[in-house]
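Here the structure is laid out as structure tokens; the discussion comes afterwards.
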Amino acid sequence: MRHLLNPLDLSVEEIDQLIDLAHDIEHHLSKYSHVCDGKKLATLFYEPSTRTRLSFESAMLNLGGSVLGFSSADSSSAAKGESVADTIRVISCYADIAAMRHPKEGAALVASQFAGIPVINAGDGGHQHPTQTLTDLMTIHSLKGTFSNMTIGMCGDLKFGRTVHSLIEAMVRYPNVKFVLISPDELRVPSYIRQDVLLANHIEFKEVDNLDEALPELDILYMTRVQKERFFNEEDYVRLKDFYILNKKKMKLAKEDMYVLHPLPRVNEISVEVDNDPRAAYFRQAQYGVYIRMALIMTLLEVEKPC
Ligand code: NCD
């Protein structure tokens, strides 16, 4: 039985296979509409979510399966003090696969140790978010046709932004990928990303705080929201929340083929005037999230690809 806790749980070849399958699903959706008949997905969300939970549910429904679950800790027995370990043991009797989001780093790992079904980490605190990364990879591949030879700018909350950590871990495996890490001093990537991922893999990167200066050299700009819920005090959040706002004027500094990604939700960091720019790819990215999750569910459930 396999789980997905971290992007590195998948090899580069497996990621290629998932993206190929997701593209086939995109173009032949109806062919897949019964491959998970009779299977159930449990969505165990202890933290708010729109896209991740609903794209998982949409993915399973598109495959002919059903969904059950909870969308906040308050509406589960966590409110009564039940442990993640006990909850997942019980859910293993009710469903065939589970996607779990939890505010604590490592929660999905604990769940996987007690689960009788595959567990997918749908975000564990400020740590990792591997299915967002699969979505991001599918988007980058569709836009650029490759994962190699590119400069990726990551901008915003690089400290608490779990999607940033997962995407960096996944992208360092491809040749000649460089990073420009754009953040205020307080929101730089955690030291394990700098030391164990970037430096350990001899990846070219720089840490800067000026978006305008970085823009001209980027092939991809990955914008992120300042993660309000992970701040210890409101004052710091208020000071940092509007540090970067991507607008039309700034987009003029970027290459003609530099695409803007964002895991969403956006707050103020991308002005709505950018939405009509052909380089704004964040809504397409959200659509890919359904196809890649369909491919992932099929793969973890070992469902055969239909002919
Ligand atoms: C992200 C998350 O929850 O980590 N969103 C998502 O899953 N699409 C990013 C965020 O909340 O800012």
Side-chain angles (χ1 to χ4, degrees), residues 4-7 22 41 43-59 69-73 98-109 119-140 152-171 181-184 187 189-190 193 220-231 236-237 240-246 260-270 275 280-294 296-297:
L4 178 63
L5 306 174
N6 181 293
L41 164 77
T43 50
L44 314 177
F45 277 61
Y46 295 81
E47 245 194 7
S49 168
T50 300
R51 265 149 300 273
T52 305
R53 185 171 64 83
L54 296 182
S55 66
F56 262 117
E57 297 192 357
S58 173
F70 52 84
S71 55
S72 76
M100 178 191 242
R101 168 169 291 188
H102 199 283
K104 287 222 174 88
E105 290 78 8
L109 172 65
V119 172
I120 302 170
N121 179 8
D124 61 329
H127 186 217
Q128 297 284 335
H129 191 349
T131 62
Q132 181 62 47
T133 297
L134 292 175
T135 304
D136 302 340
L137 293 177
M138 183 176 177
T139 310
I140 292 173
I152 303 182
M154 306 201 112
C155 178
D157 187 347
L158 311 186
K159 178 178 182 185
F160 297 118
R162 54 194 172 198
T163 64
V164 169
H165 310 153
S166 290
L167 186 57
I168 293 177
E169 287 206 354
M171 286 297 297
L181 304 174
I182 309 151
S183 75
L187 297 181
V189 289
I193 296 287
I220 296 283
L221 171 61
Y222 194 88
M223 290 296 293
T224 62
R225 170 181 74 92
V226 176
Q227 306 279 298
K228 180 179 185 186
E229 64 276 34
R230 316 232 183 271
F231 274 69
D236 285 348
Y237 170 69
L240 295 168
K241 72 183 171 74
D242 293 329
F243 206 90
Y244 301 106
I245 299 180
L246 184 67
V260 184
L261 274 65
H262 190 310
L264 303 178
R266 118 178 96 183
V267 187
N268 287 329
E269 60 278 359
I270 304 179
D275 295 358
Y282 28 93
F283 291 116
R284 261 179 286 173
Q285 191 181 351
Q287 173 67 68
Y288 286 143
V290 176
Y291 304 134
I292 199 77
R293 287 182 174 99
M294 288 173 74
L296 178 67
I297 291 169

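Just so you know, ligand 1 is whichever comes first in the structure, and atom 1 is the first atom listed for that ligand. Quick note: numbers below take in every heavy atom, side chains included, and nothing from hydrogens, waters or symmetry partners.
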Check: Within the distance-only criterion (no hydrogens, no angle test), does the side chain of Q128 pair as donor or acceptor with the backbone N or O of P7 below 3.5 angstrom?
Finding: no
Check: So H102 and Y46, would you call those rings parallel, tilted or perpendicular, with 30° and 60° as cut-offs?
Finding: tilted
Note to self: I'd like to check whether L264 has a polar contact with ligand 1, where a contact means an N/O of the residue lying under 3.5 Å from an N/O of the ligand.
What the structure shows: yes
Next item on the list: Below 4.0 angstrom from a heavy atom of T163, which ligand 1 atoms are there? Numbered from 1 as shown, please.
Entry: 1 (C), 4 (O)
Check: Could an N or O of ligand 1 be found under 3.5 Å from any N or O of E229, whether backbone or side chain?
Finding: no
Notebook entry, point to check: For Q132 and ligand 1, does the shortest N/O to N/O distance drop below 3.5 Å?
Noted result: yes
Note to self: Within ligand 1, which atoms have a heavy atom of P265 less than 4.0 Å away?
What the structure shows: 10 (C), 11 (O)
Next item on the list: Answer yes or no for E47: is there a heavy-atom contact with ligand 1 below 4.0 Å?
Entry: no
Item checked: Euclidean distance, K228 NZ relative to D157 CG, rounded to 0.5 Å -> 13.5 Å
Margin query: To check your reading of the model: name the closest protein heavy atom to atom 4 (O) of ligand 1, its residue, and the distance in Å.
Written below: R162 NE, 2.7 Å
Check: Hey, is the main chain of G123 close enough, under 3.5 Å, to the side chain of R101 for a donor-acceptor pair?
Finding: no
Item checked: Polar side-chain atom of D124 near backbone of A108 as donor-acceptor pair, under 3.5 Å -> no
Check: Taking only heavy atoms of T52, which atoms of ligand 1 are found under 4.0 Å from at least one of them?
Finding: 6 (C), 7 (O), 8 (N)
Notebook entry, point to check: Which atoms from ligand 1 have a heavy atom of R225 less than 4.0 Å away?
Noted result: 10 (C), 11 (O), 12 (O)
Note to self: Check whether F56 forms a cation-pi arrangement with R293 (NZ or CZ under 6.0 Å from the six-membered ring centre, at most 45° off the ring normal).
What the structure shows: yes
Next item on the list: Output yes when R162 and E229 qualify as a salt bridge under the 4.0 Å nitrogen-oxygen rule, no when they do not.
Entry: no
Check: Can you list the ligand 1 atoms lying under 4.0 Å from a non-hydrogen atom of H129?
Finding: 2 (C), 4 (O), 6 (C), 7 (O)
